There are 2 protein chains.
Amino acid sequence: MSYKDRKVISIGTVSELTGLSVRQIRYYEERKLIFPERTKGGTRRYSFSDVERLINIANQIEDGLQTSEIKKMEKRREDRKLRDQMIRGQLNAAFGIRK
Amino acid sequence: MSYKDRKVISIGTVSELTGLSVRQIRYYEERKLIFPERTKGGTRRYSFSDVERLINIANQIEDGLQTSEIKKMEKRREDRKLRDQMIRGQLNAAFGIRK
DNA sequence: CGTGTAAGGAATTCTGACACG
DNA sequence: CGTGTAAGGAATTCTGACACG
């Protein structure tokens, strides 16, 4: 959609923007925490959103969390979000509650 | 400032986003129409604003304009902008006109 | 588990030049 | 003038592995 989500940044630039090593960035991908696109040639491309996400991941790692825990927390957060949306939708369908 | 102006995109990706050849992109820089940054290694980095500017340049070229003419028009536009700002500033200083 | 590193190779980019028109 | 291309080289990125802890 917006510039923020266009995958156009190569890993070296992401390393500069985040302060993380390319090794760390690739590792977080291996652990399914980040999902860059690939060019035809196979090089990774990240978005600014990815950069922000990486900074959050790095902070959680610094706080002693393991990548598996970070992954679980994200999933729970995502599940809550979906559940809330569903509840909102049902309330709206039943009572026409706006916003 | 914003994501739009961060110089983080390499020339190959810019080529994809604009549909221009890397040769064309480098040439417009040679003609002083575009100003990418450079990494320590010397590779060019562009912003989304640069991508937009390139698309505009390409359209003007298609319309038969020469790079020197495009450059002049941009300068004139820039000069008008500065002049208007100055006038606004003087009006405001003299009469306190807001906005 | 998270990260560094050396290894070999492939993809990407760079510059200056020649070509065409 | 604007753009394509072949040339040689340098910078960038890739993967799989070994190391440490």
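Naming convention: chains lettered A, B, ... in sequence-line order (proteins, then strands); numbering from 1 in each chain. These numbers come from a predicted model, not from an experiment.
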Among Asp50(B), Leu20(B), Ile9(B), find the one that has a side chain to side chain contact (heavy atoms under 4.5 Å, CB included) with Val14(B).
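Only one option passes, and that is Ile9(B).
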
[atom1] of [X] versus [atom2] of [N]: gap in Å, rounded?
X: Tyr46(A); N: dT12(D); atom1: OH; atom2: P; answer: 16 Å
X: Glu29(A); N: dG2(C); atom1: CD; atom2: P; answer: 15 Å
X: Lys71(A); N: dG2(C); atom1: NZ; atom2: P; answer: 14 Å
X: Ile25(B); N: dT15(C); atom1: CD1; atom2: C1'; answer: 16 Å
X: Lys32(B); N: dG2(D); atom1: NZ; atom2: C1'; answer: 17 Å
X: Glu30(A); N: dA17(D); atom1: CD; atom2: P; answer: 12 Å
X: Arg31(A); N: dT3(C); atom1: CZ; atom2: P; answer: 11 Å
X: Ile9(A); N: dT13(D); atom1: CD1; atom2: P; answer: 12 Å

Classify the nucleic acid contact of Ser68(B) as base, sugar-phosphate or nothing, counting any heavy atom under 4.0 Å across all strands shown.
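Result for Ser68(B) = nothing.
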
Spacing of [atom1] belonging to [X] relative to [atom2] belonging to [Y], to within rounding of 0.5 Å:
X: Arg6(A); Y: Leu17(B); atom1: CZ; atom2: CG; value: 5.5 Å
X: Ile70(A); Y: Glu74(A); atom1: CD1; atom2: CD; value: 7.5 Å
X: Ser10(A); Y: Arg45(B); atom1: OG; atom2: CZ; value: 4.5 Å

Could you tell me which nucleotide pairs with dC20(C) by Watson-Crick or G-U wobble geometry, both distances under 3.5 Å, or answer none if nothing does?
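Checking every strand shown, dC20(C) finds its partner in dG2(D), with both distances under 3.5 Å.
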
Write down the partner of dA7(C) under the Watson-Crick or G-U wobble criteria, each distance required to be under 3.5 Å.
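For dA7(C), the partner nucleotide comes out as dT15(D), under the 3.5 Å rule.
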
For Ser49(A) and Asp5(A), test the side chains for any donor-to-acceptor distance below 3.5 angstrom and give the result as yes or no.
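There is such a pair between these side chains.
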
So, does [X] get its side chain near the phosphate of [N], meaning an N or O under 4.0 Å from OP1 or OP2?
X: Arg26(A); N: dC14(D); value: yes
X: Arg23(B); N: dG2(D); value: no
X: Thr43(A); N: dT12(D); value: no
X: Tyr27(B); N: dG2(D); value: yes
X: Arg38(B); N: dT15(C); value: yes
X: Arg44(B); N: dC14(C); value: yes
X: Ser10(B); N: dT13(C); value: yes
X: Tyr28(A); N: dT3(C); value: yes

Could you tell me whether Asp79(A) and Lys75(A) have a side-chain N and a carboxylate O separated by less than 4.0 Å?
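Salt bridge between Asp79(A) and Lys75(A), a charged N being under 4.0 Å from a carboxylate O: yes.
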
Comparing Gln24(B) and Arg45(B) on DNA chain D - which has the more 5′ nearest nucleotide:
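In this pair, the answer is Gln24(B).
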
Candidates dC14(D), dG2(C), dG2(D) - which lies nearest the side chain of Thr67(B)
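Of the candidates, dG2(D) comes closest.
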
Selection from dT3(D), dG4(D), dC14(D) that lies nearest to any side-chain heavy atom of Ile11(A)
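Closest of the options to the side chain of Ile11(A): dC14(D).
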
Could you check Leu65(A) against Gly42(B) and say which one's nearest nucleotide on DNA chain C is further toward the 5' end?
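Nearest-nucleotide comparison on DNA chain C picks Leu65(A).
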
